[in-house]
Amino acid sequence: MQTEIPGPRSREILLRKERVVADPLALYLPIVAAQGRGATLTDVDGNTFIDFAGGVGCLNVGHAHPRVVDAVQKQAARFLHTDFTILPYDVYITYAERLLALAPFSGPAKAAFFNAGTEAVENAVKFARAYTKRSGVIAFENAFHGRTLMSLSLTAKYSPYKAGLGPFAPEVYRAPFPYEYRGVTPADAFRALERMLATYVPAETVAAIIIEPVQGEGGFIPASGEYLRALRQLCDETGIVLIVDEVQTGFGRTGKLFAIEHAEVEPDLMTVAKSIAAGLPLSAVLGKAEIMDAPAEGAVGGTYVGNPVALAAASAVLDVIQDEGLVDRAQRIGEVIRGRMLAWQQRHPQIGDVRGLGAMLALELVEGFRAEPAPDLATAIAEEAAERGLLLLKAGTYSNCIRVLCPLVISDAEVEEALDAWEEALDEVLA
Ligand code: PLP
């Protein structure tokens, strides 16, 4: 570290931000980025951090991977935009072929590309509604699916995402998520869902159930395999479309290319974004062809959707994931980080839970005999870690979890350095 946090140049730029940038775009840490490389980020004051925030899960292949940068530059020099439905381009189709070959669909499947995760979610609901000719959508407690109208309606956390911003989209119903640490077993959660369908919203009016296989913003809570398989069976029996939201869990993070593969469940539709294109805006809905073909021609689209530069980046990202073995790497990094987290939990009773899949791991910070959420502890730890050169990100309905979203290209030495800094921050705050 070269300066205190924020350093003088960051402070000066952030003062200017106050004057011209809308306040809701509140900053998480007062650090202004200058350059990212692999798993590290250097700020405008010359401080270099190990980046466990990873652009909120967009950087599984790391900052500015040379192969991604090269692909972006080459495509940018060819053409930036046509609107795919006006003048199509090959990179869209080639990448769809590659992605679908890797996605967990046994029969014919198709893809449609968008920009943000929220757009993929909005459109997944359109596909499901057009196919089923039903309107209801069931989402879960602690879910996060985005910030536009339909996806915000599906998002559970009220403040800050929804407070004062209603009315929300109708026909959204909320079921408990299996969250063992908070006393909701998979069996409890499933029984509640069945009760809901019997007494509140009949299955024949439900178009889709949307679930994150590991809840992301909600605090890295994995749904058990048995729960996901029961959900699959329920959807088969009732004709409800099962949408698996892999926006945060995707592209190797959990030790499989897609988290749903751990449960060996085939979704009907899947949403992907974030690490798909290493930070360029690209998202997709992938799904069974008959569902993807259901909306009328022109009912799905948008001027910028499936941008060729973002798709070129996405192709390079897939090459990197495959050539550098990043899916296996996630598993190995995860084992190392989990081991350290479990050791910390032995020392600090405030670490209530250690959980996750692969390298998608989090700590839940609590206090008191009822294990009440302790968001202030999480904030203090993230601040102490930043002082020591580690960027950490919070999560959870009560913002009391700290999650790992480090680039998977991180070296073993960087993992150790980051964990040492995290440990010091924990000891400082929790002692
Ligand atoms: N779905 C999940 C599971 C997410 O984690 C997010 C973002 O964090 C979204 C959807 C929305 O994605 P975006 O922020 O790109 O709109």
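All of these numbers come straight from a predicted model, not from anything done at the bench. As the structure lists them, so they are numbered: ligands from 1, and atoms in each ligand from 1.
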Check each atom of ligand 1 against the heavy atoms of Glu217 and keep those under 4.0 Å away; list them by number with element.
8 (O)
Identify the residue among Gln233, Glu237, Arg232 that makes a side chain to side chain contact (heavy atoms under 4.5 Å, CB included) with Cys235.
Arg232
Please classify the Glu119 to ligand 1 contact at 4.0 Å (heavy-atom distances, strictly less than): side chain, backbone, both or neither.
neither
Proximal atoms of ligand 1 relative to Ala116 (non-hydrogen, under 4.0 Å)
15 (O), 16 (O)
Give the residue and atom name of whichever protein heavy atom lies nearest to atom 2 (C) of ligand 1, and the separation in Å to one decimal.
Phe144 O, 3.3 Å
Protein non-hydrogen atoms only, distance under 4.0 Å: does atom 14 (O) of ligand 1 have such a neighbour?
no
Atom 12 (O) of ligand 1: of Gly250, Gly117, Gly216, the nearest heavy atom sits on Gly117
Report the part of Arg147 (side chain from C-beta onward, or backbone N, CA, C, O) that has a heavy atom under 4.0 Å from ligand 1; answer both or neither where that applies.
neither
Closer than 4.0 Å to some heavy atom of Gly146 - which atoms of ligand 1 meet that?
11 (C)
Could you find the nearest protein heavy atom to atom 16 (O) of ligand 1 and give me its residue, atom name and distance?
Thr118 N, 2.8 Å
Quick check on contacts: which atoms of ligand 1 are under 4.0 angstrom from a heavy atom of Glu212?
3 (C)
List ligand 1 atoms under 4.0 Å from Gln248, heavy atoms only on the residue side.
5 (O), 8 (O)
Could you label the plane-to-plane angle of the Tyr173 and Tyr200 rings as parallel, tilted or perpendicular, counting under 30° as parallel and over 60° as perpendicular?
perpendicular
Per side-chain hydrogen bond (donor to acceptor under 3.5 Å, both in side chains), His145 is matched among Thr271, Thr155, Asp245, Thr118 by Asp245
Glu387 side-chain N/O to Glu384 backbone N/O, donor-acceptor pair under 3.5 Å
no
Check the angle between the aromatic planes of Tyr179 and Tyr181 and answer parallel, tilted or perpendicular using the 30° and 60° thresholds.
tilted
For Gly396, does its backbone N or O pair with a side-chain atom of Glu217 as donor and acceptor, under 3.5 Å?
no
Looking at ligand 1, would Lys274 count as a contact under a 4.0 Å heavy-atom criterion?
yes
For the rings on Phe144 and Tyr161, is their centre-to-centre separation under 6.0 Å?
yes
Quick one: which ligand 1 atoms are inside 4.0 Å of a heavy atom on Asp245?
1 (N), 2 (C), 3 (C), 10 (C)
What orientation do Phe113 and Tyr95 show, parallel under 30°, tilted 30 to 60°, or perpendicular over 60°?
tilted
Heavy-atom side-chain contact between Val305 and Phe84 under 4.5 Å
no
